[in-house]
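Accompanying notes for the structure given below.
Scope of the values below: all heavy atoms of this structure, side chains included, with no hydrogens, waters or symmetry mates.
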Amino acid sequence: MSRFLSFAASRDWFYRLSFSSAGLRPITSDLGDGTIMHCWVPKLPKQSKPNLLLVHGIGANAMWQYSDHLRHFTPSFNVYVPDLLFFGDSFTSKPDRHESFQAKCLMRLMQSHGVFKMNLVGISYGGFVGYRMAALFPDAVERIVLCCAGVCLEENDMGKGLFRVSDLDEAASILLPQSPEKLRELMRLSFVKPARGVPSFFLEDFINVMCKDYAQEKRELIQAILRGRKTSDLPKITQPTLIIWGEQDQIFPLELGHRLQRHLGENAELVIIKDAGHAVNLEKSKDFVNHLKSFLINSIPPSSSTLKQLFQEFLKLN
């Protein structure tokens, strides 16, 4: 199927239009050393607003994972939505595949846009990158939301049967589907109620548009997540943290959410969303957004003008 008749490419175009309508524009930045990153940034950022960084997971590009949520946050934040390396138009010639490298590149990207303090939301793999950003740059990341991000997994968890898959090769074949059968399997693992009866040509179209580019590099990203990983080696971040998990997550089981909450202690709150799987941001979008708003927007300090107004009202009452 040509790109002109492609449903996935048409959907991608629609998302671009919606991002532009929300006041964002696409920027591609050359960070040097063979690293290029693409990001949606505010057309007119306002100093009076805090900054919000939305980091996507493995799958389609950032637009597909945050398009339904963007309008809820652009009124309150300067919103930045990057494509991580090997997604969308972001790329590096460097061989490093660890999430720490992604985090450092992402921080350099934000600094290139004049952003030095931010709130952060990371979904799945984006949570791995976001967690490392919070650990490496504690003065830059103020508050963080980790959604179904199994950062506390360990290399021996796979051998113990914690996951539905038995090895990394099988995991990569599902998370990076190259056939309609594998994409259907990913949908079954990601959603409690996956769409049924989707024609194979639609699935093939999605794979051709979204899953073919940088397939080997993305496999290496997945391999780097697990290699030698131990919770005891994971630094404890100190920022206020909201952990969101789908109760029936089959990609990163809920046990990993409890593990993460225990690891972080009193700085972290775990919210479990019922009747949701790994794609909780899509499957239970309203609940997901409500929890983000409660944690992020309600924490925004009033501006100096608002404080002045409140003080004037106080004087009137007294």
Side-chain angles (χ1 to χ4, degrees), residues 9 12-13 15-67 69-70 73-74 77-142 144-145 209-210 212-218 220-221 224:
D12 199 63
W13 176 86
Y15 286 149
R16 288 182 180 275
L17 184 62
S18 68
F19 268 54
S20 181
S21 299
L24 304 186
R25 63 190 177 103
I27 293 289
T28 300
S29 302
D30 188 343
L31 303 182
D33 300 328
T35 300
I36 295 173
M37 294 196 76
H38 173 271
C39 187
W40 286 90
V41 305
K43 293 176 183 177
L44 297 170
K46 296 181 179 179
Q47 289 187 350
S48 60
K49 289 183 178 181
N51 302 305
L52 178 61
L53 175 62
L54 302 177
V55 190
H56 67 85
I58 286 178
N61 60 40
M63 293 186 299
W64 287 66
Q65 297 188 22
Y66 284 112
S67 61
H69 315 123
L70 198 61
F73 298 100
T74 48
F77 294 92
N78 297 313
V79 178
Y80 295 81
V81 192
D83 285 321
L84 293 174
L85 298 174
F86 306 118
F87 297 88
D89 294 325
S90 296
F91 168 80
T92 185
S93 60
K94 292 286 186 179
D96 196 336
R97 300 293 181 260
H98 196 271
E99 70 255 27
S100 292
F101 179 69
Q102 290 267 20
K104 291 173 184 176
C105 290
L106 195 49
M107 191 66 227
R108 288 164 59 198
L109 174 71
M110 296 301 289
Q111 290 174 343
S112 74
H113 292 299
V115 177
F116 298 92
K117 285 190 178 294
M118 69 206 78
N119 298 279
L120 189 152
V121 178
I123 296 175
S124 191
Y125 178 70
F128 284 78
V129 177
Y131 191 99
R132 288 292 172 177
M133 279 191 72
L136 291 169
F137 309 102
D139 293 332
V141 179
E142 298 176 307
I144 183 170
V145 180
V209 174
M210 291 291 166
K212 293 293 186 180
D213 292 341
Y214 303 122
Q216 178 56 35
E217 289 85 353
K218 290 175 182 175
E220 293 167 2
L221 294 179

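- To the nearest 0.5 Å, atom SG of residue Cys39 and atom CG of residue Leu109 are 5.0 Å apart.
- Ring orientation note: the planes of Phe91 and Tyr214 are close to parallel, at an angle under 30° on the 30°/60° scale.
- Taking both residues in full, the closest heavy atoms of Ala103 and Met133 are given as CB-CG, 3.5 Å, listed atom of the first, atom of the second, then distance.
- By the 6.0 Å contact criterion, NZ on Lys104 is open, its count of non-hydrogen atoms from other residues, nucleotides or ligands being 12 or less.
- The aromatic rings of Phe77 and Phe73 sit tilted, their planes meeting at an angle between 30° and 60°.
- Looking at every heavy atom in both residues, Asp83 comes nearest to Asp89 through OD2-N, 3.9 Å.
- Gly57 and Ser124 make their closest contact through CA-CB, 4.5 Å (heavy atoms, listed as atom of the first residue, atom of the second, distance).
- Here the straight-line distance linking atom CD of Glu142 with atom CG of Asn51 works out to 8.0 Å at 0.5 Å rounding.
- Contact between Ser20 and Lys43 at its shortest, heavy atoms only, is O-NZ, 3.0 Å.
- Residue Leu84 holds its CG atom at 5.5 Å from CE of Met37, rounded to the nearest 0.5 Å.
- Other residues, nucleotides and ligands contribute more than 12 heavy atoms inside 6.0 Å of the NZ atom of Lys117.
- Annotation for Leu120 and Gly130: closest pair CD2-CA, 3.7 Å, computed over non-hydrogen atoms.
- A distance of 6.5 Å separates CD1 of Ile123 from NE2 of His69, quoted to the nearest 0.5 Å.
- Interatomic distance, Arg16 CZ to Leu24 CG, rounded to the nearest 0.5 Å: 12.5 Å.
- Looking only at side-chain heavy atoms (C-beta outward), Ile27 and His113 come within less than 4.5 Å of each other.
- With hydrogens and angles ignored, the 3.5 Å screen pairs a side-chain donor or acceptor of Asn78 with a backbone N or O of Lys46.
- Here the CE atom belonging to Met118 is positioned 3.5 Å from the CE atom belonging to Met107, to the nearest 0.5 angstrom.
- In this structure, the side chain of Ser90 engages the main chain of His38 through a donor-acceptor pair within 3.5 Å.
- The backbone N or O of Thr35 sits nowhere less than 3.5 Å from a side-chain atom of Asp33 that would complete a donor-acceptor pair.
- Within a 6.0 Å radius of CG in Leu17, more than 12 heavy atoms belonging to other residues, nucleotides or ligands are found.
- When the options Phe87, Tyr125, Trp40 are evaluated for a ring-ring contact (aromatic ring centres under 6.0 Å, His included) with His56, the one that passes is Phe87.
- Side-chain contact between Val115 and Leu53: absent, with no pair of heavy atoms (C-beta onward) separated by less than 4.5 Å.
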